[in-house]
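One structure is given below, encoded as C-alpha cells.
To find a chain, count down the sequence lines: A is the first, B the second, and so on, and within it residues start at 1. Only heavy atoms go into these numbers, but all of them, side chains included; no hydrogens, no water, no symmetry mates.
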Amino acid sequence: DSGVTQTPKHLITATGQRVTLRCSPRSGDLSVYWYQQSLDQGLQFLIQYYNGEERAKGNILERFSAQQFPDLHSELNLSSLELGDSALYFCASSSGGGGNTIYFGEGSWLTVV
Amino acid sequence: EDQVTQSPEALRLQEGESSSLNCSYTVSGLRGLFWYRQDPGKGPEFLFTLYSAGEEKEKERLKATLTKKESFLHITAPKPEDSATYLCAVMNSGGYQKVTFGTGTKLQVIP
C-alpha cells in the first residue's frame with residue numbers, strides 16, 4: 001500500500017459526460033501528480049500541483065482540469081468525454097523536497113461508452 | 001527537454017536466466033532516477049531511487065546502478081513472479097521537479 005488513495009476505482013460513463021476523479025496523497029506529501037495511461041501505453045503526464053498551486057502542465061487537454069485543495073487532496077475533472085478518454089488515471093504524490101520519490105495510487109479506471 | 005529511453009521494449013527470459021534492463025536519459029540536472037515495477041492494471045510500485053553516478057541499490061533479485069548517462073536494472077536468477085513492466089523515470093533539479101518517464105520494458109519470465 002503506497003498510501004495514495006484514489007476514488008472511484010472504476011467508472012463507466014457516456015460520451016459527452018463529465019466526471020471527477022479524487023486523490024488523497026500520502027500523509028505529509030505536498031506535491032500531487034496526475035498521469036493518464038491508455039491500454040498498453042506509457043504514462044502520460046497531465047499536471048502537477050504543489051501545496052495548492054499548479055506547478056507544471058503536461059499533455060492535458062483543455063477539456064480536463066484539476067485542482068488541489070487546502071487539505072492537499074486533489075481532483076481531476078474530465079468533461080465532454082470522448083471514447084478516446086478511456087484510460088487508467090493515476091495520481092501520485094511526493095513530499096516536494098529534493099530528490100523525493102513519487103508514490104502512485106492504484107488508479108481510476110475510466111471507460112467511456 | 002528531458003528524455004528517457006528504455007531498452008529493450010520487451011524481454012523474455014527463462015527462469016534463472018539473469019539479464020539487465022537499460023535506461024538511458026538526458027536531463028537538465030538530475031535530482032533523482034527512479035525505478036518502478038508495474039503489473040497490468042495496477043499502479044507503478046516503487047523499487048529504487050538513485051541520486052548520483054556510481055550509486056547502487058539492491059532488493060532481493062534486483063540491483064539498480066547509475067552512471068551519468070544511463071541506469072541498469074540487473075535481474076539475477078529471475079522467477080515467474082518477476083514478470084511485469086519495469087519503468088524508469090528521472091526528476092530534474094528545476095524549480096518544480098519535473099518527472100519524465102520512459103515507456104518501460106515488459107519482462108516475461110518463463111518457468
Side-chain angles (χ1 to χ4, degrees), chain A residues 1-7 9-10 21 23 25-26 29-51 53-59 68 86-111, chain B residues 1-10 23 25 27-53 55 57 59 64 66 71 84-108:
Chain A
D1 183 2
S2 68
V4 179
T5 303
Q6 290 189 246
T7 57
K9 294 192 188 307
H10 299 274
L21 310 180
C23 170
R26 294 189 325 149
D29 282 359
L30 300 178
S31 271
V32 169
Y33 304 76
W34 285 99
Y35 290 84
Q36 178 193 56
Q37 188 173 44
S38 302
L39 194 62
D40 291 333
Q41 298 294 310
L43 287 165
Q44 296 296 318
F45 170 66
L46 296 178
I47 198 164
Q48 178 198 356
Y49 281 84
Y50 176 81
N51 203 19
E53 294 187 3
E54 182 183 305
R55 269 278 180 97
K57 263 187 176 180
N59 302 320
Q68 186 180 26
S86 295
L88 251 177
Y89 291 84
F90 288 110
C91 172
S93 75
S94 74
S95 67
N100 280 282
T101 300
I102 296 178
Y103 293 90
F104 283 79
E106 286 303 311
S108 292
W109 274 101
L110 172 66
T111 303
Chain B
E1 184 175 338
D2 301 342
Q3 287 192 332
V4 177
T5 303
Q6 292 188 247
S7 62
E9 289 186 9
C23 171
Y25 66 91
V27 63
S28 54
L30 180 69
R31 188 178 291 275
L33 183 141
F34 311 108
W35 282 98
Y36 293 86
R37 169 197 169 121
Q38 186 177 25
D39 293 301
K42 300 285 189 179
E45 175 189 346
F46 168 71
L47 294 173
F48 304 108
T49 305
L50 302 168
Y51 295 104
S52 58
E55 190 174 1
K57 288 191 177 176
K59 179 180 179 181
L66 180 65
S71 177
T85 295
Y86 290 85
L87 299 169
C88 172
V90 295
M91 178 184 282
N92 74 19
S93 56
Y96 60 83
Q97 300 175 347
K98 180 182 175 184
V99 178
T100 303
F101 275 85
T103 53
T105 293
K106 189 172 184 178
L107 173 66
Q108 184 182 16

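- A distance below 6.0 Å separates the ring centres of A:Phe104 and B:Phe101.
- Interface remark: B:Leu87 contributes side-chain atoms only to the contact with chain A (heavy atom separation under 4.5 Å).
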Inset, instruction - Applying side chain to side chain contact (heavy atoms under 4.5 Å, CB included), run through B:Phe34 and A:Thr101 and close with a yes or a no. - result: CA-CA 7 Å; B:Phe34 311 108; A:Thr101 300; 3.9 Å; yes
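- Between atom CD of residue B:Glu45 and atom OG of residue A:Ser2 there is a gap of 9.5 Å, rounded to the nearest 0.5 Å.
- Sparse packing is recorded around CD of B:Gln3, with 12 or fewer heavy atoms of other residues, nucleotides or ligands lying under 6.0 Å away.
- Neither the backbone nor the side chain of A:Gln44 comes within less than 4.5 Å of any heavy atom of chain B.
- Contact annotation: the side chain of B:Pro44 approaches that of A:Phe90 to within less than 4.5 Å [non-hydrogen atoms, C-beta and beyond].
- Counting heavy atoms of neighbouring residues, nucleotides and ligands inside a 6.0 Å radius, atom NZ of A:Lys57 does not exceed 12 of them.
- Without hydrogens or angle criteria, B:Tyr36 side chain to A:Ile102 main chain gives a donor-acceptor distance under 3.5 Å.
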